[in-house]
Amino acid sequence: MFLVIAGRAFQLQVLQGEKLMRLGQRQHLKEWIVLPKRGALLDRAGEPLALSMESQSVYVRPHRIQDAHKLGQNLAQILNLRLADVKQKLTSDKPFVWVKRQISGPEAEKIQALNADGIGMFYEPNRHYPQGQLAGQLIGFVGRDSEGLEGLELRYNDYIRGETGSSVTERDALGRRVLVQGVEKLQIPPGSDIHLTLDTSIQHIAEKELEAAILKFRAKAGIAIVIEPFTGEVLALANYPSFNPNNYSKQTAEQRRNRAVTDSFEPGSTFKTILAAAALEEGAVGKDDLFYCEMGKYPYAGRVIHDTHPYGWLPFSKILQVSSNIGFTKVAEKLKRDRYFKYIEKFGFGKPTGIDVPGEVAGLVRKPESWSAIDLATHAFGQGISTTPMQLAMAYAAIANGGFLMRPYVSRRVISPQGEVLLENQPHVVRRVISEKTAKLLASMLRDVTNEGGTGVMANVDGFEVAGKTGTAQKADPVHGGYAAKKRVASFVGFVPANDPRLVALVLIDEPEVNVYGGVVAAPVFRNIAQGSLRQLAVAPQKAALIPLPSNQPDMVRRVSKPNYQAAAGISSDATPDFVGLSLREALEKAQTLKVKLRLQGNGYVVRQSPAAGRRWNEEDYLVLNLQG
């Protein structure tokens, strides 16, 4: 007997001891995973775009439930779930089943009031997007387990999510916690905050104007991008159809897609600017060189190239202004395909821009050795090549900033909970593409596109000179080959002010039905976005504005330049004068004329004043001006 007992003890304690100890620990000890609070996503002014809050999730232990039918009815009513689905969970063979994740506060209170055995709640972080659909595709969304699934939430997930914590809990035979080892005092530090380059106001303007145009022209989709050309900072990136990350599970992959970087398209006439830059830089043509545009029909490589309107002899600058396909074909013939391809690559086409957003594609650029005879002509006016909207916007930014291709970025810095800068994006020059002389010459030619006689007149912004280019590209037909008869992509891309650019904006409208031309469909959207953005950036108008005369003279206008401060000196003494939009120098001049005492905060242009303009005010008081930019 003693030998049998000793042998059994040896077997249990020595031979199977480690295995049995693991089984016992698995039965009585439970590791609780504590998810950290995700860091916030903030715009350039500190406005929150994504926040984390705690909410409770409901679970059940089916083997401990006494009356599944009654409890199921209560849960279905409180949580607004189907009774059959709840009953299936309550009668499951599994030891642990989630009933509903991340419930509301009132729902949690009602469930606590049930005081039923076998049901419990667990705190989980809940991601909330206070701006709703604003920049939804760019921001992305988070899954139930606090993991970023798309957009910036995915790109910077390792920083935002933080470190997961855990603690061990001892349970009794019924699974109830009887001893907690540090769970109550477990403090998990939150994730890091991401400070973005986005301007919420500009983003809102871009989304509003884009949506209005798509509805007006009954288009399929659209994209609008606003970029600071000298740094590569993305001020706005709008997609339509819109996407609200608060309800990501109810929206389609089509809505979630960030088309600005994941989709490529044939750019059409907006690509003529790239050929113009290459030809000017290489000295193949001059601004005033004449080309015969064949009166609208030009046989080339067995095909016939057409212009929208018939033209005869035109200087190169005029060819760009009226967007002549024939003229640009002849420019490409002078430049030759190898030199043209060199600049296509230098401007960044065929390679990702490097923007810190997931899913970016490279577009499609074929090597010149594979070009057919007609390809030199079609590439001259933007067919047979595909580019992403972001690539095209950055190419125009290189012209706006004097010839440097910049890497775009949307995240300025990553800040830890302790205030430490973990990562910081700085303006990064990829390469010099063209000389400053060529960039300035090309900018002056692009100004003509928006002047009388050009295709982009509707892109003009009151008080500013605009440089840009329209595009109306045919869409390829993947079913029958060639190009679709009625499907077009209307676009406009440009920068403003033309001689001192503060922003580059691209607008792309996919498959408009009412009208298909970029100068009619996309150019007005550019104008409205640029106008609102310049106001938000406090950029003072550079040109005189046209102010209508009284209504009895409707056909006449008068031109006014800077305000006449002497005339303004006669305003009522109890009305606060308006300084918003003035530069520091202009504000000082106006204050001196009006004998106003100022307190200045910041530099640049006046964005806010206290008291506000028109309010009652005593001239003996100080006027506080806040300046930015």
Side-chain angles (χ1 to χ4, degrees), residues 227-233 267 269-291 315-321 323 327-328 330-351 353-354 365 368 376 379-382 385 387 390-408 426-451 454 456 465-469 493-506:
I227 290 172
E228 207 290 327
F230 291 91
T231 63
E233 291 185 351
S269 294
T270 54
F271 206 73
K272 292 172 181 175
T273 304
I274 308 304
L275 174 57
L280 292 171
E281 182 72 8
E282 288 291 316
V285 299
K287 178 182 178 181
D288 299 318
D289 287 3
L290 293 173
F291 293 85
F316 181 43
S317 59
K318 189 72 174 179
I319 287 174
L320 181 63
Q321 183 185 27
S323 197
F328 271 94
K330 294 191 172 185
V331 172
E333 287 181 289
K334 293 194 69 174
L335 182 63
K336 307 301 181 186
R337 67 179 187 181
D338 288 328
R339 287 196 294 178
Y340 182 25
F341 178 78
K342 180 178 73 172
Y343 283 89
I344 292 174
E345 282 198 316
K346 286 181 73 174
F347 271 103
F349 298 104
K351 293 181 180 179
T353 63
V365 176
L376 179 62
H379 282 41
F381 45 83
I385 186 171
T387 171
M390 185 59 67
Q391 287 174 331
L392 190 60
M394 295 314 299
Y396 274 76
I399 299 167
N401 66 29
F404 294 100
L405 181 66
M406 305 297 294
R407 183 192 68 199
Q426 298 285 351
H428 175 75
V429 178
V430 179
R431 69 181 73 89
R432 176 175 273 285
V433 182
I434 53 177
S435 67
E436 185 176 0
K437 179 182 177 183
T438 299
K440 286 184 176 180
L441 177 59
L442 187 54
S444 70
M445 293 170 63
L446 290 172
R447 280 203 299 269
D448 293 337
V449 173
T450 62
N451 290 335
E465 287 190 328
V466 175
K469 186 72 185 72
V493 56
F495 46 91
V496 60
N499 60 342
D500 183 20
R502 292 294 302 274
L503 60 87
V504 172
L506 174 144

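As the structure is a computational prediction, the values presented were derived from the model and not from experiment. No hydrogens, no waters, no symmetry mates; every other heavy atom, side chains included, goes into these values.
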Could you report the tightest heavy-atom contact between [X] and [Y], atom names first, then the distance?
| X | Y | result |
| --- | --- | --- |
| Leu320 | Val449 | O-CG2, 3.8 Å |
| Tyr340 | Ala380 | OH-CA, 3.9 Å |
| Met406 | Pro427 | CE-CB, 4.0 Å |
| Ala393 | Leu506 | N-CD1, 4.1 Å |
| Ala398 | Phe347 | CB-CE2, 4.2 Å |
| Ala467 | Ala443 | CB-O, 3.7 Å |

Could you measure the distance from the [atom1] atom of [X] to the [atom2] atom of [Y]? Nearest 0.5 Å is fine.
| X | Y | atom1 | atom2 | result |
| --- | --- | --- | --- | --- |
| Lys330 | Ile319 | NZ | CD1 | 8.5 Å |
| Leu442 | Arg447 | CG | CZ | 11.0 Å |
| Leu392 | Thr353 | CG | OG1 | 12.0 Å |
| Thr450 | Gln321 | OG1 | CD | 9.0 Å |
| Thr387 | Met394 | OG1 | CE | 12.0 Å |
| Leu446 | Thr273 | CG | OG1 | 5.0 Å |

Can you tell if the side chain of [X] reaches within under 4.5 Å of the side chain of [Y], non-hydrogen atoms only?
| X | Y | value |
| --- | --- | --- |
| Leu335 | Glu282 | yes |
| Phe341 | His379 | no |
| Lys287 | Pro315 | no |
| Val504 | Ile399 | no |
| Phe316 | Leu280 | yes |
| Glu465 | Val496 | no |

Just by modelled atom types, is the [Y] backbone N or O under 3.5 Å from a matching donor or acceptor in the [X] side chain?
| X | Y | value |
| --- | --- | --- |
| Tyr396 | Lys469 | no |
| Asp500 | Pro497 | no |
| Lys346 | Val433 | yes |
| Asn401 | Pro229 | yes |
| Glu333 | Leu376 | no |

Please evaluate residues Tyr343 and Leu275 with respect to the criterion side chain to side chain contact (heavy atoms under 4.5 Å, CB included), reporting the C-alpha separation (whole Å), side-chain torsions for both, the decisive distance (0.1 Å), and the verdict.
CA-CA 8 Å; Tyr343 283 89; Leu275 174 57; over 6 Å; no
Pairs touching residues 426-437 that satisfy salt bridge (Lys or Arg N to Asp or Glu O under 4.0 Å), sequence neighbours left out
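As it turns out, the salt bridge (Lys or Arg N to Asp or Glu O under 4.0 Å) pairs with a partner in residues 426-437, which skip direct neighbours, are Glu436-Lys440.
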Test side chain to side chain contact (heavy atoms under 4.5 Å, CB included) applied to Val331 and Lys272, step by step:
CA-CA 10 Å; Val331 172; Lys272 292 172 181 175; over 6 Å; no
Go through the steps to decide whether Glu233 and Ile227 satisfy the test side chain to side chain contact (heavy atoms under 4.5 Å, CB included), and finish with yes or no.
CA-CA 6 Å; Glu233 291 185 351; Ile227 290 172; over 6 Å; no
What pairs with Phe271 under ring-ring contact (aromatic ring centres under 6.0 Å, His included), at least two apart in sequence or on another chain?
Phe349
